[in-house]
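Just the heavy atoms: all of them, side chains too, but no hydrogens, waters or symmetry mates, feed the values below. Owing to the predicted nature of the structure, the values given are computational and were not obtained by experimental measurement. Chain letters run A, B, ... following the sequence lines, proteins first, then strands; residues in each count from 1.
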Amino acid sequence: MGVDTTVVKCPECSSRNLEYDENRGERHCNDCGIVIEEDIVDQSPEWRDFNDSGQQTDRSRVGAPMTNLLHDKGLSSTIDWQNKDYSGNLIASRNRSQLYRMRKWQARSRTKGSKERNLQQALAQIQQICSKMKLPKTVQERSADIYRRALAEDLVRGRSIDSMVCASIFIANQQMLTARTVDDIAKVARIGPKEIGRTYRDVKRKLAIRTPLPDPKIYVNRFCSELQLGPKVQQTALDIIRRAEELEMTHGKSPCGVAAAAIYISSQTSEQARTQREIAEVTNVTEVTIRNRYKQLAKSLKIELDI
DNA sequence: ATGGTTTTTACTGCGTC
DNA sequence: GACGCGGTAAAAACCAT
């Protein structure tokens, strides 16, 4: 199913640690350093078409960028240091002073404040990670938004940009109810789920950000499709969760665990049974947890699942 | 730091195909 | 014998305080 057209492994050393450099427009391997492909115009989906529909992002900042995913749109393309134009001719002297000004401006804008540079790097990271996760651009923008706030409040100090980036992305995902977990992010970032979780909580608290309380239901669709389970199984799984929520038995339990258990029960009572192991695999929850949860669910909901 | 809760790890036993 | 499942104890992780 998942046809990825981009190269994921370094042809030289087989490392998967590839990085896309936005300014250079090229990808390179972080391990051996070779450049994989050049002249990628933009491999990420369409941040440019911001004119299609109702644009609801708030443009609160002065001199608002066209999209808050770009740090200095238009200045990023490098200005050659030779006094030649594209055909190799010398540029008339009356244009040179203008050129100089452009270079100077560019140099300054690139290295202005540390915050600016920090932001630039972070936004590139956000775009890279979101694109790897195939997240819609609304989520990207929300992530960028959150990062900006965190940066403005000096929350990045003493923490790596990466962890802040990941935390921002996770918060955005929580808010937009995409069914993504910390592990999903950790998988495509070079940072562990532990630290993402820690910074996530920290940022949320210090920025007084509210996220909807975790809902197992949002995972059902994703997990079921990964398990090749039909809509019928999904529906009864959702039903189970709804009933469980009414009895307040999902509080304090991991939403993925609840979803996994509901799906297990649902699948067992259908023609498309899946084993605990299969479900554990895609839900990133252990079989033990699935057992505990589903036992508890079946008991309180009085669901009999004999074969 | 601490303590309460939940999840994971690791292991074992049981029935079935 | 491998597999799916159930149960358990202890370790680890999580989270509010």
Please report, rounded to the nearest Å, how far the P atom of dA12(C) is from the NZ atom of Lys194(A). 11 Å
Residue Arg201(A), side-chain heavy atoms: nucleotide from dC15(C), dC5(C), dA13(C) that is nearest: dC15(C)
Could you state the interatomic distance from CD (Glu226(A)) to CD (Glu281(A)), rounded to the nearest 0.5 Å? 10.5 Å
Could you tell me how far apart Asn284(A) (CG) and dT9(B) (P) are, to the nearest whole angstrom? 10 Å
Determine yes or no for a side-chain-to-main-chain donor-acceptor pair under 3.5 angstrom, with Arg274(A) supplying the side chain and Gln228(A) the backbone. yes
Which nucleotide in the list dC5(C), dT8(C), dT7(B) gets nearest to the side chain of Val288(A)? dT8(C)
In whole angstroms, how far is the P atom of dG6(C) from the CD1 atom of Ile265(A)? 11 Å
Between residues 203-219 of chain A and DNA chain B, which residues have a heavy-atom gap below 4.0 Å? none
Check the distance between dT12(B)'s C1' and Glu287(A)'s CD and give it to me in whole angstrom. 15 Å
Side chain of Asn292(A) - closest among dT8(B), dC5(C), dA13(C): dT8(B)
Go nucleotide by nucleotide along DNA chain C from the 5' end; which of Gly197(A) and Thr275(A) gets its closest nucleotide reached first? Thr275(A)
Using atom NZ of Lys295(A) as one end and atom P of dT8(C) as the other, report the distance to the nearest whole Å. 11 Å
Base, sugar-phosphate, or nothing: which does Arg293(A) touch, judged by heavy atoms less than 4.0 Å apart? sugar-phosphate
At under 4.0 Å, does any side-chain N or O of Gln276(A) touch on OP1 or OP2 of dG6(C)? yes
Verify the contact: side-chain N or O of Ser254(A) to OP1 or OP2 of dT7(B), cut-off strictly under 4.0 Å; return yes or no. yes
Choosing from dA13(C), dT6(B), dG7(C), which nucleotide comes nearest the side chain of Arg291(A)? dG7(C)
Rounded distance (Å) that lies between atom C1' of dG6(C) and atom CD1 of Ile290(A): 13 Å
Taking the side chain from Ser168(A) and the backbone from Met164(A), do they hold a donor-acceptor pair closer than 3.5 Å? yes
Looking at Arg198(A) and Asp202(A), is any side-chain nitrogen of the basic one under 4.0 Å from a carboxylate oxygen of the acidic one? no
Taking NE2 from His251(A) and P from dC15(C), how many angstroms apart are they, rounded to a whole number? 15 Å
Euclidean distance, Phe170(A) CZ relative to Ile185(A) CD1, rounded to 0.5 Å: 6.0 Å
Judged by atom type as modelled, is there a donor-acceptor pair below 3.5 Å linking the side chain of Arg157(A) to the main-chain atoms of Leu151(A)? no
Tell me whether the OP1 or OP2 atom of dG6(C) has a side-chain N or O from Tyr294(A) closer than 4.0 Å. yes
Length of the CG-P vector between Leu297(A) and dT6(B), whole Å: 13 Å
Candidate nucleotides dT7(B), dG6(C), dT8(B), ranked by approach to the side chain of Thr286(A) - the nearest: dT8(B)
Look at the side chain of Arg142(A) and the backbone N and O of Asn173(A), then say whether any donor-acceptor pair between them is shorter than 3.5 Å. no
Do any side-chain atoms of residues 229-239 of chain A form donor-acceptor pairs under 3.5 angstrom with protein atoms, and if so which ones, sequence neighbours left out?
{"unit_1": "Gln234(A)", "atom_1": "OE1", "unit_2": "Asn221(A)", "atom_2": "ND2", "d": "2.9"}
{"unit_1": "Thr236(A)", "atom_1": "OG1", "unit_2": "Val233(A)", "atom_2": "O", "d": "3.2"}
{"unit_1": "Thr236(A)", "atom_1": "OG1", "unit_2": "Ser266(A)", "atom_2": "OG", "d": "2.5"}

